[in-house]
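These notes are about the structure you will find just below.
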There are 2 protein chains.
Amino acid sequence: MPNYKLMYFNMRGRAEIIRYIFAYLDIKYEDHRIEEADWPEIKSMQNHQLLVQILQPCSLDSPVFHHKPIILFIQTYMEQHTLPFGKIPVLEVDGLLLHQSLAIARYLTKNTDLAGKTAMEQCQADALVDTLDDFMSCFPWAEKKQEVKNEMFNKLLTREAPHLLQSLGTYLGDKEWFIGNSVTWADFYWDICSTTLLVLKPDLLDSHPSLQTLRKKVQAIPAIAAWIQQRPQTRL
Amino acid sequence: MPNYKLMYFNMRGRAEIIRYIFAYLDIKYEDHRIEEADWPEIKSMQNHQLLVQILQPCSLDSPVFHHKPIILFIQTYMEQHTLPFGKIPVLEVDGLLLHQSLAIARYLTKNTDLAGKTAMEQCQADALVDTLDDFMSCFPWAEKKQEVKNEMFNKLLTREAPHLLQSLGTYLGDKEWFIGNSVTWADFYWDICSTTLLVLKPDLLDSHPSLQTLRKKVQAIPAIAAWIQQRPQTRL
Ligand SMILES: [Mg+2]
Ligand SMILES: [Mg+2]
């Protein structure tokens, strides 16, 4: 089993789908959480620590520091070994950094039923995950002006969400899970996204009992129930 | 080989990655293009045509139209067999509708080197595609107020794009392709997204020769070159 280290903020956010999959598949990993305030510093610290590692054999007055090709090499090396696109979550797999939460999640589900049992089911799971993600990505999470943010959030939760929920309800129909006849990571993602949407609008699912039932079914899976019980409590 | 029918607007947009993959893998499909102005009507026409199919055996004064369970059944059937989330592109595969462009694209690359040759490479390709897609999704394509739209487009192209291009250049390094040692759909997606970005800002890649070279390499693949030559010319 490879060595896994997940790096993300101390929140569910974009990392929670990865954590659900680790929990369900009973895979050990380091759940490294950083404070949002420390993020800029950690980003540069990472570079710094790497530099220290690379240069450990050199003394500080070594002529290496005046040798341009060496400096260029170090720069390139650092760029290629730090956060690929300056975003988290990232998953370190035996020293190699993988980025993009959904790509990582899909990678971890490979060759398991969580991905969907056939190529067609896998496509359907991918499509549902992207549909949920498209909606979650509409929210201006980083907007600084509180008034603008509130207005956009309000519009998405009251005007846009009902259409998505209607479509999701129709897609689920009277099936037990979104795709095929067993749980996939699309069901996990529904539980994760809707948990956050319910924080923002507690009555969101009042007229969608089947979508609520699906949440309960995901949350009742023993490994997921245990993870929800033990995870750090954060708002988002 | 299944029967494939792709439905999208008469533009490259979100369907072009699917068309590149069909071209490269030499798979026959119907490239069904609709006019944007016709879209709302087509959406409801689809329902109508389906209804006609279902009801063909009935005469118009049949009591079936007064039988509530039948009406409900027809409603449910129609909801489940029309555009899953009311968005295109969709790909019809032997009558089953798949949605979400990237999920469809990934489905078509399955078991081909276009996906990446290992699970790790597949994750890296997925991550690069999502990184490009995240950026393209920031543009307010549907914004009605031309001034607001111009301002956002301008900000993205002049302030945000340089960071992404810098990261992409670093990620590519002196490699021939983004991932592994042969072309993947991530290289295709780079060519497709950058073609559109260059329409919006022709000097965008002037200081990124390696990213330009990668575009040329993709466009020089015989099947892709042939497709670019023959495809309908549209601005986006
Ligand atoms: Mg998407
Ligand atoms: Mg994304």
Side-chain angles (χ1 to χ4, degrees), chain A residues 2 75-87 89-91 93-94 96-111 115-116 118-135 137-138 163-164 166-175 186, chain B residues 2 75-87 89-91 93-94 96-111 116 118-135 137-138 140 163-164 166-175 186:
Chain A
Q75 265 176 1
T76 307
Y77 181 91
M78 277 170 53
E79 280 168 2
Q80 287 177 358
H81 288 77
T82 44
L83 303 180
F85 290 85
K87 292 199 176 132
V90 290
L91 181 69
V93 183
D94 286 340
L96 187 79
L97 277 182
L98 299 177
H99 66 121
Q100 280 283 355
S101 57
L102 301 181
I104 294 168
R106 190 179 298 106
Y107 168 75
L108 294 172
T109 63
K110 211 143 267 188
N111 304 316
T118 64
M120 189 71 93
E121 282 187 14
Q122 286 156 21
C123 177
Q124 291 170 319
D126 284 358
L128 201 65
V129 164
D130 272 358
T131 296
L132 291 169
D133 200 61
D134 283 350
F135 184 68
S137 300
C138 292
H163 298 290
L164 175 64
Q166 165 83 21
S167 295
L168 287 171
T170 300
Y171 190 87
L172 179 58
D174 54 6
K175 304 198 303 294
Chain B
Q75 265 177 0
T76 309
Y77 181 92
M78 279 171 52
E79 280 168 1
Q80 287 176 0
H81 289 78
T82 44
L83 305 179
F85 291 85
K87 293 198 174 133
V90 290
L91 181 70
V93 184
D94 286 339
L96 187 77
L97 276 182
L98 298 177
H99 66 121
Q100 280 281 355
S101 57
L102 302 181
I104 294 168
R106 189 179 299 105
Y107 168 74
L108 293 171
T109 64
K110 211 143 267 186
N111 305 316
T118 63
M120 187 73 91
E121 282 187 14
Q122 286 156 20
C123 177
Q124 290 171 321
D126 284 356
L128 202 66
V129 164
D130 272 357
T131 296
L132 292 168
D133 199 62
D134 284 349
F135 184 67
S137 300
C138 292
H163 298 290
L164 175 64
Q166 164 83 21
S167 295
L168 287 170
T170 301
Y171 189 88
L172 180 59
D174 54 7
K175 303 197 306 291

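Every chain is numbered from 1, with letters handed out A, B, ... down the list of sequences.
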Check your understanding: Yes or no on side chain to side chain contact (heavy atoms under 4.5 Å, CB included) for A/Asp134 and B/Gln100, after CA distance, side-chain angles and deciding distance?
Key -> CA-CA 10 Å; A/Asp134 283 350; B/Gln100 280 281 355; 3.0 Å; yes

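Chain B forms the most heavy-atom pairs under 4.5 Å with one residue out of A/Lys110, A/His99, A/Arg106, and that residue is A/Arg106. Across B/Met120, B/Gln124, B/Gln122, the residue that shares the most heavy-atom pairs under 4.5 angstrom with chain A is B/Met120.
Interatomic distance, CZ of A/Phe85 versus CG of B/Leu168, reported as 4.5 Å (0.5 Å rounding).
Remark: B/Phe135 engages B/Phe139 in a ring pair (Phe, Tyr, Trp, His ring centres under 6.0 Å) (not counting sequence neighbours).
A 4.5 Å side-chain heavy-atom check between B/Leu102 and A/Asp126 finds every atom pair outside the cut-off.
For the residue pair B/Ala119 and A/Tyr107, the shortest heavy atom distance occurs at O-CD1, 3.4 Å. Of all heavy-atom pairs spanning B/Ala127 and A/Ala103, the tightest one is N-CB, 3.5 Å.
Heavy-atom contacts from other residues, nucleotides or ligands closer than 6.0 Å to CG of A/Asn111 number 12 or fewer. Within a 6.0 Å radius of NZ in A/Lys175, more than 12 heavy atoms belonging to other residues, nucleotides or ligands are found.
The only member of B/Leu98, B/Leu91, B/Leu96, B/Leu108 that meets side chain to side chain contact (heavy atoms under 4.5 Å, CB included) when paired with A/Cys123 is B/Leu98.
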